[in-house]
Amino acid sequence: MFKNILLFCIALISTTQLVAQESYTFGQLSDFDKNLIIYEKDSTANAVVLYEKGDNYFKVIDNRIQVVKKYYSKIKILKKEGLSKANVAISYYTNNKVSEKIEDIKAVTHNGQSKIKLSLNNIFTVRENERWSTKKFAFPDAKVGSIIELEYTLTSPFIYNFKGWQFQSNIPKIYSEFNAKIPGNYVYNRSLIGFLKLETNTSEIEKRCFKVDGYPESADCEVLKYAMKDIPAFNDDEDFMLSPKNYISRIDFELSVHYDLKGGRDRFTQTWQDVDKEFKQDKNIGRQLTKKGFFEKNVPESLLTEGDSLTRAKNIFNFVKDRFTWNGKYGIYRDIRVKNAFDNKTGNIGEINISLINLLNSAGLKTYLVLLSTRSNGLPKKSHPVMSDFNYVIAKTIIGGKTYLLDASDKLMPFGMLPYRALNYQGRVMDFKNDSYWETITPQKDNQLYVLANLELDPETHKITGSYNEMNSGYLAIERKKVLNDTTEDDYLNDKEKEIGVNAEINDYNLVEEQSNEKRTVENFSYTDNTVLDQNTLYINPFLVKSFGSSNPFTAEDRKYPVDFGFKRTYTYAAKIKIPTSYTIVEIPKSINLSLPNKGGRLQMLVNSKPGLITVSFKLIINKEQYSPEEYFSLKELFKQVINAQNNSLIVLKKL
């Protein structure tokens with residue numbers, strides 16, 4: 001237990017009031033708690049954590065050393081949407097032999113002067129799967145204005161499961177504090193994740209604080225205290241973001257070494273050399289990489305022998321891609337059986353890409369397995385191997401001095417391109433004869449949308465008719481192919497008509513097969529805008545296709561984490577508008593020329609006119625995969641201009 005609980009200051013909520021509070025007493029509220037109506041640091045907040053604290057320590061229970069976590073929180077519900085915080089689910093880990101325990105649950109709803117306590121009969125236990133269970137309950141009579149107060153104790157026999165503390169959540173917190181007392185025979189790696197700074201970061205040694213019966217010596221303890229205040233809500237709905245795991249502010253703990261009381265040592269954090277050795281012997285990955293003989297017997301000999309190295313590699317890649325259907329599972333640490341997958345023609349990521357590695361090696365093309373973490377899974381730690389950070393595998397081969405990273409699980413993905421989900425900057429190449437090493441993942445560079453449009457105002461029908469060609473390349477072409485594969489042509493063209501205008505009708509459509517390939521799509525459209533333009537003054541928007549839709553994806557005031565596009569891209573739009581002699585040009589859109597710092601991107605729009613003709617040239621270049629939080633404001637302003645140009649660039653004509 002802790003000897004002292006330090007005083008702290010709750011954040012300054014208004015410009016006139018500073019509220020200081022000592023350690024909480026369950027069931028008691030301050031005047032500040034009661035009077036808070038709007039959290040001024042975030043007026044959009046539907047609820048706010050007034051105070052949060054965790055005390056963590058080690059204790060001998062039932063002759064077993066266990067970790068005890070005492071948790072307390074106090075939340076004010078400010079809006080109707082915040083009522084979801086009154087529904088609580090506390091997960092805990094279990095296995096066939098032992099289990100974590102959730103005990104001493106206290107929950108009270110404060111409504112003015114009344115206190116409504118949670119009845120223990122209203123706490124339910126749900127078995128989620130073989131390893132996880134959940135305690136679920138709802139705060140009684142919670143409503144807007146309520147303060148909900150929660151306290152419970154989690155006891156865990158799994159010492160390695162001492163995970164740390166998450167400061168940030170989807171609602172703001174005024175104050176959050178994490179305390180721990182760790183015996184010196186347990187050594188944990190710890191990492192501060194996210195962009196927020198600690199308000200308190202202290203570490204002290206308490207002598208002879210931990211005693212186990214039967215052993216003469218007591219262990220010293222490290223006493224830790226971490227705290228943050230004025231913690232903003234984390235919005236995981238922001239566009240163009242890697243996994244929230246990379247950015248949400250927290251302290252992570254990972255057991256590195258355990259010294260038992262008899263003087264022995266167990267090391268939990270491995271080196272990459274340790275991992276390399278284990279992988280080589282592992283039946284799920286290591287042994288599955290040695291099935292060359294099976295594949296040599298079950299594929300045509302010509303597949304492995306005919307053509308030069310690059311031709312053989314492409315043929316093998318296409319063979320695996322065509323034969324296997326991905327079952328939607330990743331499966332890199334268990335259930336990898338390449339023989340069964342080959343026979344069944346379906347498999348997980350590990351089975352498909354390890355089959356590819358086997359075949360490439362059988363063809364004399366030295367190929368390595370690469371461990372990855374997908375974009376949604378988070379960036380892997382580079383300081384030391386944490387195998388749970390990885391959830392994906394691909395292949396690496398070198399042909400003619402050029403490196404190719406391959407993934408045969410996506411039937412639309414060309415040779416040498418990785419699916420978007422795998423564009424997560426670095427992977428670990430498992431070279432079992434030498435040391436494993438990090439490999440940089442470089443996305444395809446040529447990713448373009450190019451539109452060439454022709455519009456004409458018919459003086460007889462007073463309608464706009466026109467046509468446009470749309471070319472997509474690289475990842476933009478893959479995205480378009482997925483849309484075409486997953487959508488009926490009618491639905492696809494209906495969406496295209498809405499993009500042009502509410503009264504638009506596409507008269508003819510053609511996917512130009514002879515100009516399209518695995519990295520490019522070319523489409524032709526002709527259309528009529530059925531809006532009758534018989535006024536003396538006409539307003540025409542020349543943009544039939546809009547890059548990034550019709551609204552700015554960046555609306556937040558600021559951003560604490562990077563904007564991540566995954567790959568560079570360029571959007572080009574060129575239009576010719578033919579004006580009949582019965583109309584004169586009154587106004588054309590203004591030209592734009594904006595550049596991001598450090599050659600990060602550019603927006604250019606040029607509009608020219610001459611009698612009977614207006615030309616529009618628009619180009620948006622996103623020249624980086626990722627932009628830092630410091631670059632956010634420039635990027636936001638650039639996109640503001642992009643959306644405004646596409647939505648509000650009006651050509652004004654007047655009838656003679």
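Numbering of residues begins at 1 and proceeds along the displayed sequence.
- Using cut-offs of 30° and 60° on the angle between ring planes, the pair Phe415 and Phe317 is perpendicular.
- A side-chain contact (heavy atoms from CB on, under 4.5 Å) with Tyr404 is found for exactly one of Thr367, Leu365, Leu310, namely Leu310.
- A centroid separation of 6.0 Å or more is found between the aromatic rings of Phe240 and Tyr561.
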Derivation and outcome, side chain to side chain contact (heavy atoms under 4.5 Å, CB included), residues Leu613 and Ile579: CA-CA 6 Å; Leu613 184 67; Ile579 308 300; over 6 Å; no

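- Side chains of Ser436 and Asp276: a donor on one and an acceptor on the other come within 3.5 Å.
- Aromatic ring centres of Phe618 and Tyr571: separated by at least 6.0 Å.
- For Phe234 and Tyr247, the gap between ring centers reaches or exceeds 6.0 Å.
- With Phe567 as the aromatic partner, Arg569 meets the cation-pi criteria of under 6.0 angstrom to the ring centre and within 45 degrees of the ring axis.
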Apply the test side chain to side chain donor-acceptor pair (under 3.5 Å) to residues Ser243 and Asn246: give CA-CA distance (whole Å), side-chain angles for both, the deciding distance (0.1 Å), then the verdict. CA-CA 6 Å; Ser243 170; Asn246 299 321; 4.9 Å; no

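- Residues Lys481 and Lys519 share a closest heavy-atom pair of NZ-N, 4.2 Å.
- Contact detail for Lys640 and Asn552: the closest heavy-atom pair is N-ND2, 3.4 Å.
- Taking every heavy atom of both residues into account, Leu620 and Val642 meet most closely at CD1-CG2, 3.8 Å.
- In this model, a donor atom of one side chain and an acceptor atom of the other lie less than 3.5 Å apart for Thr271 and Asp274.
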Passes ring-ring contact (aromatic ring centres under 6.0 Å, His included), Tyr627 versus Tyr632? Steps please. CA-CA 7 Å; Tyr627 294 82; Tyr632 174 74; over 10 Å; no

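- Among Ile352, Asn353, Leu360, the one residue that satisfies the side-chain contact (heavy atoms from CB on, under 4.5 Å) test with Val320 is Ile352.
- Among residues two or more places apart in sequence or in another chain, the salt bridge (charged side-chain N to carboxylate O under 4.0 Å, His left out) test is passed with Glu499 by Lys496.
- Between Glu497 and Tyr492, the side chains place no donor N or O within less than 3.5 Å of an acceptor N or O (distance only, hydrogens not considered).
- Using modelled atom types, one finds no donor on one side chain facing an acceptor on the other under 3.5 Å when comparing Gln444 with Asp446.
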